[in-house]
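Here the structure comes first, spelled out in structure tokens, and everything after it is commentary.
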Amino acid sequence: MAMDLTVVIPVYNEEENVDRIIAALRPVLEKLPLAYEILFVDDGSRDRTPERLRKLAARDERIRVLFLRRNFGQTQAMHAGIQHATGDVIVTMDGDLQNDPTDIPMMLAKLEEGYDLVHGWRKNRQDKFLTRKLPSVTANWIISKTTGFPIHDLGCTLKAMRREIAQELELYGEMHRFIPILAHQRGARCIEVVANHHARKYGKSKYGLSRTLRVLLDLLTVKYMLTWFASPMKLFGMMGFGAWGVAFVAATIAGTMKVYAGVDVTGNPLFLTSVLALLAGLQFFSLGLLGEVNARIYLSQPHKSTYAVRSSVNFRKDREEDEASASPRIRRAA
């Protein structure tokens with residue numbers, strides 16, 4: 001039986017939080033008139049997180065777990081969870097109890113209004129100002145201006161989205177932060193809502209200032225994908241023509257100086273500039289052609305996975321002996 005709702009929670013070394021997450025989620029999910037599952041993705045934890053997850057899954061078949069072979073990163077863990085989700089709606093949230101499960105019904109109500117993706121805005125964020133809040137505000141402002149997508153908080157993991165939209169997204173690097181932008185680019189109707197945010201009480205944060213730089217580097221990739229990915233020759237071709245324009249102007253001035261002023265062409269910096277610009281133009285056109293070929297190859301091939309699963313719990317293939325006579329494993333809330 002297909003489930004209405006899947007809650008995807010990537011975790012890494014969160015042994016103190018996984019039980020508390022379930023305790024916080026259950027009262028909220030039980031009140032919803034929906035069948036649900038909770039899908040944990042253990043991203044190569046080195047503490048007792050896997051042990052605790054197995055115990056939780058043994059007590060409740062609505063709790064499913066993917067164990068990745070190593071620590072691939074939050075984006076890959078989230079991508080794994082999304083690809084294995086079976087609910088019509090997917091909710092993603094952090095495993096550190098900073099997201100508030102009580103926001104889920106409000107976000108689902110927004111989906112009912114006709115939106116495809118609802119993403120949270122931690123307006124009253126409970127984090128350190130210099131190391132977390134200020135870099136986040138700065139990065140979000142740059143991203144919003146660069147992409148033209150109005151956003152206050154791309155770093156909020158709490159999101160609700162329709163499965164058909166979520167499973168179309170290709171996530172790698174730090175791309176989980178750009179989910180609303182990537183979904184919008186594919187025609188999804190997105191809306192940002194104010195969400196609650198709590199200070200971390202247990203465990204240690206895995207984020208630091210270095211992540212801000214990585215996010216900004218990924219922004220370059222996102223901007224390229226949004227604007228030029230389908231036709232890279234338009235970008236590199238314009239750069240090539242620009243370089244040739246510089247070459248023409250420099251060569252014209254150098255020639256004029258030779259004819260009218262007797263300036264030696266071989267020692268004229270403008271002549272050297274024209275030669276370099278001509279070569280640069282040829283390189284830009286070559287990059288454009290290579291980009292076009294790679295884009296066509298990529299678009300024609302099946303997508304490859306960016307993660308590897310070691311084992312799983314409470315998935316259909318894990319209980320083949322019960323399939324013939326099994327009743328639905330996800331009950332609907334009363």
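Residue M107 holds its CE atom at 10.0 Å from CD1 of I191, rounded to the nearest 0.5 Å. The distance from atom CG of L66 to atom CG of D43, rounded to the nearest 0.5 Å, is 11.0 Å. Taking CG of D42 as the reference point, atom CG of D47 lies at 8.0 Å (rounded to 0.5 Å). Of the inter-residue distances, the one linking T146 atom OG1 with L219 atom CG reads 4.5 Å to the nearest 0.5 angstrom. Atom CD1 of I181 and atom CG of L154 lie 4.5 Å apart (nearest 0.5 Å). In this structure, N196 CG and T102 OG1 are separated by 5.0 Å, a value rounded to the nearest 0.5 Å.
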Residue pair T92, M161: steps toward the side-chain contact (heavy atoms from CB on, under 4.5 Å) verdict: CA-CA 9 Å; T92 60; M161 53 195 131; 3.7 Å; yes
Residue pair Q185, F149: steps toward the side-chain contact (heavy atoms from CB on, under 4.5 Å) verdict: CA-CA 10 Å; Q185 189 264 343; F149 184 80; over 6 Å; no
Trace of the side-chain contact (heavy atoms from CB on, under 4.5 Å) decision for I82 with Q167: CA-CA 6 Å; I82 289 173; Q167 293 187 341; 3.9 Å; yes
Test side-chain contact (heavy atoms from CB on, under 4.5 Å) applied to I90 and L39, step by step: CA-CA 10 Å; I90 297 175; L39 174 51; over 6 Å; no
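Geometrically, R70 engages F72 in a cation-pi contact defined by less than 6.0 Å to the ring centre and at most 45° from the axis.
N314 contributes a side-chain N or O that, together with a main-chain N or O of A57, makes up a donor-acceptor pair within less than 3.5 Å. The closest donor-acceptor contact from the side chain of R186 to the backbone of I165 lies at 3.5 Å or more, if one exists at all. In terms of modelled atom types and a separation under 3.5 Å, the side chain of S45 and the main chain of N13 share a donor-acceptor contact. The backbone N or O of A250 lies less than 3.5 Å from no partner atom in the side chain of S274, so there is not a single donor-acceptor pair. A donor-acceptor distance shorter than 3.5 angstrom exists from the side chain of R162 to the backbone of L111, with no hydrogens or angles considered.
In F248, the CZ atom is not crowded: 12 or fewer heavy atoms of neighbouring residues, nucleotides or ligands sit closer than 6.0 Å. Within a 6.0 Å radius of CZ in F271, other residues, nucleotides and ligands contribute 12 heavy atoms or fewer.
Cluster membership check: V263 does not share its hydrophobic cluster with L272, using side-chain heavy-atom separations under 4.5 Å among Ile, Leu, Val, Met, Phe, Trp and Tyr. Hydrophobic clustering (side-chain heavy atoms under 4.5 Å, transitive across Ile, Leu, Val, Met, Phe, Trp, Tyr) groups V275 together with V265. Note on L282 and L287: separate hydrophobic clusters, where clusters join Ile, Leu, Val, Met, Phe, Trp and Tyr whose side-chain heavy atoms are under 4.5 Å apart, directly or indirectly. By the criterion of side-chain heavy atoms lying less than 4.5 angstrom apart, applied directly or through intervening Ile, Leu, Val, Met, Phe, Trp or Tyr residues, V118 is grouped together with L29 in one hydrophobic cluster. No continuous path of hydrophobic side-chain contacts links M233 to M239 [ILVMFWY only; heavy atoms under 4.5 Å].
For the pair I22/V18, no side-chain contact is recorded, criterion being any heavy-atom separation below 4.5 Å from C-beta on. Between V11 and L53 there is a side-chain heavy-atom pair separated by less than 4.5 Å. At a threshold of 4.5 Å between non-hydrogen side-chain atoms, the residues M175 and T221 count as touching. P50 places none of its side-chain heavy atoms less than 4.5 Å from the side chain of V65. With a 4.5 Å cut-off on side-chain heavy atoms, I21 and L97 count as touching. With contacts defined as side-chain heavy-atom distances shorter than 4.5 Å, the pair N268/K258 does not qualify. Residues L25 and I9 are in side-chain contact: their nearest non-hydrogen atoms beyond the backbone lie under 4.5 Å apart. The shortest side-chain heavy-atom distance between M106 and V193 falls under the 4.5 Å cut-off.
Shown here for A24 and P27, the closest heavy-atom pair between the two residues is O-CD, 3.6 Å. Residues L68 and A80 come closest through the heavy atom pair CD2-CB, 4.3 Å.
With side-chain heavy atoms closer than 4.5 Å counting as contact, directly or through intermediates, the hydrophobic cluster containing V194 also holds W121.
The side chain to side chain donor-acceptor pair (under 3.5 Å) test with N17 is passed by exactly one of R20, E14, E15: E14. Each of H84, R163, R64, E37 was checked for a side chain to side chain donor-acceptor pair (under 3.5 Å) with T6, and the lone residue meeting it is E37.
Contacts classified as salt bridge (Lys or Arg N to Asp or Glu O under 4.0 Å) and involving residues 240-255 (residues at least two apart or in different chains) are not found.
A salt bridge links K110 with E113; the closest basic N to acidic carboxylate O contact falls under 4.0 Å. A salt bridge does not link K123 to E192: none of the charged nitrogens lies less than 4.0 Å from a carboxylate oxygen.
Between F236 and F284, the ring planes lie parallel to each other; the angle is under 30°, not in the 30° to 60° tilted range.
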